[in-house]
Every structure is written in C-alpha cells, then in structure tokens.
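The structure under discussion appears below in the form of structure tokens.
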Number of protein chains: 2
Amino acid sequence: MKPKITLKDIARELDVSISTVSKALKNSAEISKDTKDKIKAFAKFYNYRPNNIALSLKNKRTKNIGVIIPDIVHHFFTTVFRGIEKYANEKGYNVIVCISDESNEKEVINMEMLANGSIDGFILSLSAETQLKNEYTHLKELLDQGIPIVLFDRVTSEIECDKVVLNDAEIACEAVGHFIKAGSKRIALVTTEKYFNVSENRRIGYLDALKVHNFKVDENLILTLSHDMENDMLITEFFQNNKVDAVLCVNEIFAIQCMSIIQELGFNVPNDISIIGFTDGILSRFSVPRLSTVAQHGELMGETAAKLLIDRMEWLDEVEEPFKTEVINATLIKRGSSIN
Amino acid sequence: MKPKITLKDIARELDVSISTVSKALKNSAEISKDTKDKIKAFAKFYNYRPNNIALSLKNKRTKNIGVIIPDIVHHFFTTVFRGIEKYANEKGYNVIVCISDESNEKEVINMEMLANGSIDGFILSLSAETQLKNEYTHLKELLDQGIPIVLFDRVTSEIECDKVVLNDAEIACEAVGHFIKAGSKRIALVTTEKYFNVSENRRIGYLDALKVHNFKVDENLILTLSHDMENDMLITEFFQNNKVDAVLCVNEIFAIQCMSIIQELGFNVPNDISIIGFTDGILSRFSVPRLSTVAQHGELMGETAAKLLIDRMEWLDEVEEPFKTEVINATLIKRGSSIN
DNA sequence: TTGTAGGCGTTATCAA
DNA sequence: TTGATAACGCCTACAA
C-alpha cells in the first residue's frame with residue numbers, strides 16, 4: 001500500500017520548498033534545470049498527480065458537470081447521456097449523474113446537493129412532476145447563484161437559460177403529412193399527459209398537419225395515456241372502438257404496444273393501419289415489421305447541450321453571451337410499419 | 001445574482017469569528033443560545049450551505065463513487081447503473097460515470113483521472129479490450145493506493161477485490177436443461193468471443209447440461225459472434241447449414257437477431273426452434289413471440305455492488321474485511337419463444 | 001534561483 | 001462563551 005504523494009511529501013524528501021516543487025513540476029523558468037530534473041524524476045517515480053479536490057478549491061471550478069435525467073432506462077435519455085459524457089470527457093470534464101425518477105423532490109434535492117461546490121453547471125431534462133407542478137424556483141435560484149444550466153428536451157419557457165430542443169411540432173407535422181400522402185384518412189395520435197412540453201408540441205404538429213390538409217380534427221382519435229401505467233386495456237379499447245388507418249405515437253413504447261395490440265386484433269400493419277413512433281431505439285429496429293420512427297438524435301442533443309454548457313462556463317468570466325436555444329432537427333425514418 | 005455565502009461572509013457580517021459561526025451552525029454547546037440563534041437566522045436567510053469541496057479536502061473523502069461501464073446503451077448496464085445510483089443516493093453518495101466504450105485506454109485514463117481525489121471508490125465492469133488484453137495493472141495500482149474497487153459482471157480472477165457476479169454457468173445449464181426437458185435434441189449456443197468471462201461461463205454451463213443429459217457436443221452448433229459487428233450473414237448461414245431445434249443466446253440482441261432471421265427463413269418459433277436469451281430487457285418483452293430469457297437482475301446487482309463498496313469505504317478505518325464475491329441468482333423467464 | 005506567506009472553505013484544537 | 005491558529009493540497013505574488 002503506497003498512498004498518494006503530495007507536493008509537501010516531495011518537498012520534504014528533496015529538502016526544497018513546496019513552491020519550488022510546484023513550479024518545477026509546471027516547468028517554470030524560475031527553477032534551475034538541475035532542480036527541475038531532480039524533482040520531476042522524483043515525482044515521476046512516485047507517480048505524483050495533483051489532487052483534484054485541492055485544485056477545485058483553489059480554482060473554484062470542479063470540472064464536473066451535473067446531469068439530472070428523469071429516467072436512465074429510457075433509450076432516448078440514455079443516448080443523450082452518452083452524447084453528454086462523450087463531449088464532456090473530450091473537454092476534460094467529468095459527469096455526475098442523478099436520476100430524478102420523474103420526482104420533483106428528488107430533482108430539487110439532488111440539484112441543491114450538487115450545487116454546493118460539486119459541479120460547475122447543470123444539464124437537465126425536467127421531471128414529470130416538475131412539469132406537472134410547474135415549479136421552477138430551484139432552477140431560478142441556481143441561475144441566480146451564477147450556476148449555468150442547460151435544459152434539454154423537457155424544457156420550459158419559465159426559465160431563461162440555454163436550451164436544446166427537438167423540432168417536435170414540425171416533425172410531428174411531417175409524420176402526419178407522410179400518412180396523408182400515403183392515403184390515410186383517419187389518423188390517430190397516441191400521446192401522454194399535456195403537461196409534457198414535448199407531447200404538447202407533437203400534438204400541435206399533429207393538429208397543424210390535419211389543418212393544412214383540410215382534415216377535420218376528431219378528438220376521439222387522440223388517445224392520452226399515462227406515462228407510468230399499464231395502458232394495454234385503454235389501447236385495446238381505443239382500436240376496437242375507433243376506425244383508424246394510421247397512428248402517430250409520441251414515444252417508442254407506445255408505438256410498439258400499439259403495434260402489438262393492433263396485430264392481435266387482427267389488423268395488418270401497415271396495410272390496415274400504419275404506425276410511426278418517436279425515438280429510434282432498439283425496439284424500433286427489431287420489431288416485426290420494423291417501426292417507422294422519428295429519430296431524435298439523442299447523442300447529438302447531448303453533445304450540443306454539453307457544448308452549450310461548457311462554452312458558457314469557460315466564457316463566464318469574459319463576455320456575457322445571450323441565452324441560446326438550439327433546435328435539433330429530427331429525422332423521419334421510414335420502415336415497414338408505414339406505407340410509402 | 002447572489003453568489004454562494006461562506007462562513008467567512010457570515011462572520012464578517014455578524015462581527016464574530018469564523019469558528020464561532022462554524023460551531024453555531026453545528027449547534028455546538030460551546031456557543032450561547034443568543035449567538036447561535038442570530039447566526040442560524042442569518043445563515044438560513046442567506047441560504048448558507050457548506051461547500052462540498054472544502055469538506056472533501058478537509059475530510060479526505062468526497063462522497064463520490066466512480067462508475068466505469070463499457071456501454072450505457074446496453075439495457076443490462078443501464079439497469080445496473082440505476083441500482084448503483086439508487087443505493088448510493090440513499091447513502092448520500094454521488095455517482096460519477098465514465099463510459100469506457102469497451103476501450104482499455106479510456107478505462108485506464110478515466111480511472112486515473114478520477115482517482116486523483118475525485119472519488120472514494122470505484123465500481124466497474126471491465127471493457128472488452130481489457131478482458132482481451134488481460135491487462136489489469138491500473139486496477140492493481142489503484143487498489144495499492146488504498147482505493148477500494150468493486151467489479152461486477154465482467155470480472156477477473158487476476159484481481160483481488162469485492163465482486164458481484166451472476167451464476168452464469170448454472171443458469172445457462174438450467175436453460176439448456178429446460179430445452180432438453182421440452183424435447184429438444186440439437187441445441188445451439190450463440191455466444192461472443194471467449195475472453196469475456198461471462199460468455200465463457202455460459203458456455204461452460206451449456207456444455208455441462210449436455211454432458212449431464214448424455215448429449216454429445218457438436219462444435220458446429222456453437223456460433224461465435226463478434227460483440228461489435230454486423231452478424232446477420234453469419235447467423236443466416238448458421239441456421240441454413242445446421243439442423244437446430246433450440247438456441248441459447250448469451251445476450252438479448254443476439255437472441256432477437258436470431259429469432260428474426262429464423263422466422264425469415266421460414267421456421268416457426270418456438271415449434272421448430274426454441275430460443276432463450278440473456279438480459280430481460282425491453283426487446284424481450286415486446287418481441288413476437290415474447291422472448292424467453294434469463295433475467296440478470298441488473299438493478300439488484302448494482303445495489304449489491306454499491307453496498308459492498310460503501311460498506312468497505314465506511315469501515316475502512318476499522319477492521320480489514322476479507323474480500324467478498326456476491327453471486328446474484330439469475331431467473332429463467334419462460335415466455336413464448338420456448339416450449340414448456 | 002529559491003522560499004515565504006496567504007488564501008480557497010471548512011473543522012478541530014487550544015487559548016483567551 | 002468566543003476566537004486564533006493550523007491543517008487539508010495546491011497555487012502564486014512577492015520577498016530574499
């Protein structure tokens with residue numbers, strides 16, 4: 001067992017002062033070559049590495065980013081996280097993750113915990129409960145303290161900060177347009193509760209498309225499912241009671257569930273009913289037929305969020321940049337579950 | 001903008017000494033009620049919170065855990081991570097994640113980075129490359145420095161530390177036994193390169209089961225696929241060229257790929273060919289037919305790993321506990337892709 | 001060319 | 001009951 005070595009240890013062993021060691025290891029011109037060589041050799045031999053914590057305290061920056069996501073088991077968040085981690089790592093930052101589990105309380109507690117020096121900035125996607133309660137004081141306070149925040153995907157206009165969002169409305173509109181062009185007449189939307197900004201935007205896009213193509217809206221064709229419950233019964237009833245020839249689902253799970261139930265009910269996908277989902281995850285790629293889907297480019301979203309945050313953190317001392325909202329353009333991926 | 005307040009700030013404003021403030025906020029009996037009340041009120045008003053970094057430096061413990069996983073996009077690792085995060089959070093620890101991306105170099109760099117004070121201990125699953133090269137000096141050095149490590153799933157006997165593993169051989173044996181009981185005669189194994197300890201153990205279990213039931217081993221029925229390449233051609237050829245009535249796959253993706261190709265080739269699952277996979281992920285639950293699978297209980301594995309690590313870290317000063325290897329018992333989940 | 005001193009924010013020990 | 005001081009590990013302005 002050989003514990004970590006410090007500048008002090010080196011100084012003591014080599015009988016020089018701590019600052020000499022510090023300077024020598026930074027290759028300062030102040031120090032004679034002899035001393036530098038001696039100190040460097042010693043440091044190398046004992047595998048000296050500066051202590052991150054001490055550096056953080058001194059520099060008042062930790063090189064840590066706090067990431068708060070509602071649920072890591074969702075493919076979309078996982079890919080965003082990967083993008084964040086990748087970019088952050090390249091830039092020498094570490095990532096501390098907390099999972100809010102869709103709970104406002106956890107979100108608040110975790111953020112306050114991390115905000116006390118552990119991180120330099122946050123990247124987060126709002127928990128369901130936070131969106132439901134519309135409660136953002138914790139974010140406002142952190143911004144007030146000068147801690148930069150980047151919101152992604154689940155964002156809110158109540159907070160002024162950098163954001164990364166998908167062009168949800170547009171792409172939903174495009175997807176519905178795709179259905180219409182292929183001849184669909186009765187297009188359903190399977191969505192979540194309204195307080196999710198993303199669902200709401202996708203709904204807007206859905207309605208827009210209908211309007212543009214002079215379809216009239218049938219509220220019966222909009223099925224709202226809970227984000228955290230078993231929905232099979234509701235879905236079954238929905239497709240039994242409504243004549244539908246196309247469905248846009250706001251996430252991958254809903255899409256796969258719908259497809260499975262639709263098939264069980266004896267309909268053919270895509271001939272009787274076309275389906276398009278959101279999130280180009282593993283489910284979409286391996287289903288039968290393969291699921292047409294909206295690729296959200298989670299990894300790019302993550303990288304973009306990390307870039308926004310790191311740029312802001314590193315420029316913080318200098319100019320005060322205005323807040324930006326980066327829009328990631330989703331892509332419609334046409335596979336077997338919809339007609340071309 | 002109101003920056004974070006420090007003990008010093010409070011002391012200055014209230015015209016007392018820093019140590020008085022510190023004691024008052026810890027409710028020390030040394031300080032008079034009056035002073036305490038005054039200081040507490042002030043601190044509360046300005047929302048004082050001790051700086052984590054300063055505490056870390058002082059206490060020589062960060063309350064951070066470093067987690068290194070090969071790939072966050074794999075369902076299994078995601079669930080393990082969730083278990084770690086959950087347990088750690090309950091115990092007041094934060095989790096810093098690095099993704100090794102199956103690369104030994106990244107694994108080494110990230111661990112060394114974090115080891116310089118950022119974390120108190122590691123939980124990791126070895127990268128593919130690390131297992132391939134059989135290179136563990138980085139782990140040895142960290143252990144040598146007194147940094148505790150818990151390995152999970154992808155472990156090695158070369159390193160002495162706490163471990164959490166699945167009873168891979170046993171459960172693979174059980175799965176093959178299940179095939180045999182259902183009448184299968186020609187049972188295939190679809191696996192990855194041998195250097196993965198888990199695949200090797202599952203192979204051993206597969207062979208054991210054959211032996212126990214007096215089946216002779218046909219090496220042609222063992223298909224080895226790369227963990228990072230397109231394997232569709234190989235799989236197709238395999239099922240075209242070999243008469244097979246049951247397949248055990250060492251992961252979920254292989255299982256789904258096999259099922260899809262088997263169906264395309266015109267076989268019925270499970271009547272012509274039964275399939276059992278590993279990892280009870282989202283793919284298994286939504287495939288048609290639903291995939292019989294080995295549930296690895298990732299979340300439990302994560303919690304167990306976190307508990308081992310935290311216990312060791314918190315007892316470190318006291319007794320020196322011997323290293324433990326916790327075995328998680330997998331569960332065979334029988335669904336539509338295999339005959340009962 | 002090298003060393004001293006002060007500070008980052010906190011706590012603990014000891015002195016007043 | 002309160003305060004001064006040192007320490008955690010590092011850096012840096014300034015002094016020698």
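Quick note on labels: first sequence line is chain A, next is B, and so on, each numbered from 1. Because the structure is a prediction, the values reported are computed rather than measured.
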Can you measure A:L14 atom CG to C:dT2 atom C1' for me and round it to whole angstrom units?
14 Å

Side-chain donor or acceptor of A:Q131 paired with backbone N/O of A:V155 under 3.5 Å
yes

Close approaches to DNA chain D from residues 56-66 of chain A, in residue order (heavy atom, under 4.0 Å)
A:K58

Please state how far atom NZ in B:K36 lies from atom P in D:dT1, giving the value in whole angstrom units.
9 Å

Under 4.0 Å between a side-chain N or O of A:K33 and OP1 or OP2 of C:dT1?
no

Rounding to an integer number of Å, can you tell me how far A:I53 CD1 sits from D:dC8 P?
16 Å

When only distance counts, do a donor and an acceptor, one from the side chain of A:S19 and one from the base of C:dG3, lie under 3.5 Å apart?
yes

Using the C1' atoms of the five pairs at each end, what is the angle between the end axes of the helix from C:dT1-D:dA16 to C:dA16-D:dT1, to 10°?
60°

Would the distance check show the side chain of B:E107 and the main-chain N or O of B:I68 forming a donor-acceptor pair, the cut-off being under 3.5 Å?
no

Tell me which nucleotide among D:dC8, C:dT11, C:dT2 gets nearest to the side chain of B:L55.
C:dT11

Between B:D162 and B:K324, is there a donor-acceptor pair closer than 3.5 Å when you use the side chain of the first and the backbone of the second?
yes

For A:E30 and for A:T6, locate the closest nucleotide of DNA chain D by heavy-atom distance; then report the residue assigned to the nucleotide nearer the 5' terminus.
A:T6

Out of C:dC14, C:dG3, C:dT10, whichever nucleotide has its closest atom nearest the side chain of B:K23
C:dC14

Donor-acceptor check, side chain of A:N59 to backbone of A:R61, threshold 3.5 angstrom: yes or no?
no

Rounded distance in Å - NZ (A:K4) to P (D:dC8)
17 Å

Figure out the CZ/P separation between A:R49 and D:dG9, and round it to whole Å.
17 Å

Could you go through A:E90 and A:K86, starting from their C-alpha distance and side-chain angles, then the distance that decides it, and tell me whether this counts as salt bridge (charged side-chain N to carboxylate O under 4.0 Å, His left out)?
CA-CA 6 Å; A:E90 279 169 16; A:K86 191 175 147 199; 5.3 Å; no

Using OP1 and OP2 only, check whether a side-chain N or O of A:S22 sits under 4.0 Å from D:dC11.
yes

Ring-ring centroid check B:F77 B:F81, cutoff 6.0 Å
no

Side-chain N or O of A:Y48 versus OP1/OP2 of D:dC10: is the shortest distance under 4.0 Å?
yes

Would a distance-only check, ignoring hydrogens and angles, find a side-chain to backbone donor-acceptor pair under 3.5 Å from B:D101 to B:S103?
no

Rounded distance (Å) that lies between atom C1' of C:dT11 and atom CG of B:N27:
16 Å

Taking atom P of C:dG9 as reference, at what distance in whole Å does atom CD1 of B:I5 sit?
12 Å

Can you tell me if the side-chain N/O atoms of B:K26 get under 4.0 Å from OP1 or OP2 in C:dT11?
yes

Is B:I65 close to B:I119 at the side-chain level, that is, under 4.5 Å between some pair of heavy atoms?
no

Short side-chain N/O contact to C:dT2 OP1/OP2 from A:T20, under 4.0 Å:
no

Using whole Å, what does the distance between atom P of nucleotide D:dA7 and atom CD1 of A:I18 come to?
11 Å

Short N-O contact, B:R154 and B:E102, less than 4.0 angstrom
yes

Considering only D:dA4, C:dG9, D:dA13, which nucleotide approaches the side chain of B:A54 most closely?
C:dG9

Looking only at atom types and distance, does a side-chain atom of A:T78 sit under 3.5 Å from a main-chain N or O of A:H74, one as donor and one as acceptor?
yes

With a cut-off of less than 4.0 Å, is there a side-chain N or O of A:S32 near OP1 or OP2 of C:dT2?
yes

